Amino acid sequence: MRVIFLGPPGSGKGTQAKRLQQTQSIPQVSTGDLLRKAVREGTALGREAKGYMDAGGLVPDRLVIDLLLERIGESDCSHGFILDGFPRTVAQAEALEEALQARSKPIDAVVNFEIDPAKLVERLVGRRVCPQGHGEWHVQFNPPRSEGHCDVCGAALIQREDDHEDRIRARMEAYRKDTEPLIGYYRQRGLLHDVDALAAMEAVAGQIEAAVTGGH
Ligand code: AP5
């Protein structure tokens, strides 16, 4: 099963991708996570991407497309994957379509996370992440077992650079301008499934399972 999660920053794509990867036994492929790993490791890609990410803008297509296509060519993606945060521009969607067509492995479904933008700020400013990349929590909606510490390694949780309010506004503007047109792109192809991303996490998970397994 090859699935795309499409939605604005903070709509719950990462949270739900982690759940779906367990129930469907296919990996979550997050370009945000891949880029943050490159930044942590100080690679040439990471050094170039960091400025765009910290400012809340999109990383240029030429950097992200190669990164993504290389990742989904790895063996654990041979039976499917969940794309979390890719594509984010029409150029990325076209490059993905072309690459998957060449492999005769088209996208099966696109899940569109619908949510009132006013709710996103609350979700993002309360998010806390493990500096080692072990996961993320929310101070109110999904607190860690020990306050302020990673459930996996115990490190002190931090706030992402781009989760400050001014950066969140820039990310939302990038979504509106560059990513929202993909809703029409995938609806036209008959692949889009809308979910109510404002619902509680369990309820959103149920809608997604139904959408990707043909339950609605
Ligand atoms: P990325 O990491 O992909 O960030 P994003 O799309 O902005 O998504 P987020 O991770 O912020 O939100 P999410 O939808 O995953 O929500 P989450 O589940 O965490 O990208 C970061 C940057 O990398 C971009 O700005 C860009 O610079 C660059 N980049 C990445 N991909 C790119 C691409 N393809 N092209 C160009 N540049 C790219 O949930 C948020 C919070 O809400 C959490 O705390 C969670 O606990 C809570 N929550 C989730 N669901 C619920 C619920 N149902 N109820 C209550 N709380 C909830």
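For clarity, every value in this text was computed on a predicted model and none was experimentally measured. Ligands are counted one by one from 1 in listed order, and the atoms in each one are counted from 1 as well.
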Just grab all the ring pair (Phe, Tyr, Trp, His ring centres under 6.0 Å) pairs involving residues 93-120, residues at least two apart or on different chains. F5-F113
Is it the side chain (CB and beyond), the backbone, both or neither of [X] that lies under 4.0 Å from ligand 1, heavy atoms counted?
| X | value |
| --- | --- |
| L198 | neither |
| P87 | neither |
| Q16 | neither |
| F113 | neither |

Here's a test for you: under side chain to side chain contact (heavy atoms under 4.5 Å, CB included), which of L58, D163, T179, L120 qualifies with R171? D163
Would you mind telling me which of I82, N112, L96, L182 makes a side chain to side chain contact (heavy atoms under 4.5 Å, CB included) with I4? L96
Heavy-atom contacts with [X] under 4.0 Å: which atoms of ligand 1 show up? List them by number with element.
| X | value |
| --- | --- |
| A200 | 53 (N) |
| F141 | 55 (C), 56 (N) |
| G85 | 31 (N), 32 (C), 33 (C), 34 (N) |
| G57 | 25 (O), 26 (C), 27 (O) |
| M201 | 46 (O), 48 (N), 50 (N), 51 (C), 52 (C), 53 (N), 56 (N), 57 (C) |

Compare R123, R127, E202 and give the one whose heavy atom is closest to atom 54 (N) of ligand 1.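 Looking at heavy atoms only, the winner is R123.
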Quick check: do C130 and W137 have side-chain heavy atoms less than 4.5 Å from each other? yes
Atom CD of E70: over 12 foreign heavy atoms under 6.0 Å: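 No, not enclosed.
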Can you establish whether the number of heavy atoms outside R145 located under 6.0 Å from its atom CZ is more than 12?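 Check fails, neighbour count at 12 or below.
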Check step by step if side-chain hydrogen bond (donor to acceptor under 3.5 Å, both in side chains) holds for T89 and D178. CA-CA 5 Å; T89 64; D178 294 313; over 6 Å; no
Return a yes/no value for [X]: is any of its N or O atoms, backbone included, closer than 3.5 angstrom to an N or O of ligand 1?
| X | answer |
| --- | --- |
| R160 | yes |
| R88 | yes |
| E136 | yes |
| A199 | yes |
| D163 | no |
| L35 | no |
| D84 | no |
| G10 | yes |
| T31 | yes |
| V59 | yes |

Does Q140 come within less than 4.0 Å of ligand 1, judged by its heavy atoms? no
Should M53 and L63 be counted in the same cluster of Ile, Leu, Val, Met, Phe, Trp and Tyr side chains packed under 4.5 Å apart? yes
Can you name the salt bridge (charged side-chain N to carboxylate O under 4.0 Å, His left out) partners of R62, sequence neighbours left out?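 Result, salt bridge (charged side-chain N to carboxylate O under 4.0 Å, His left out) vs R62: E48.
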Report the distance from atom CG of D84 to atom CD of Q21, rounding to the nearest 0.5 Å. 10.0 Å
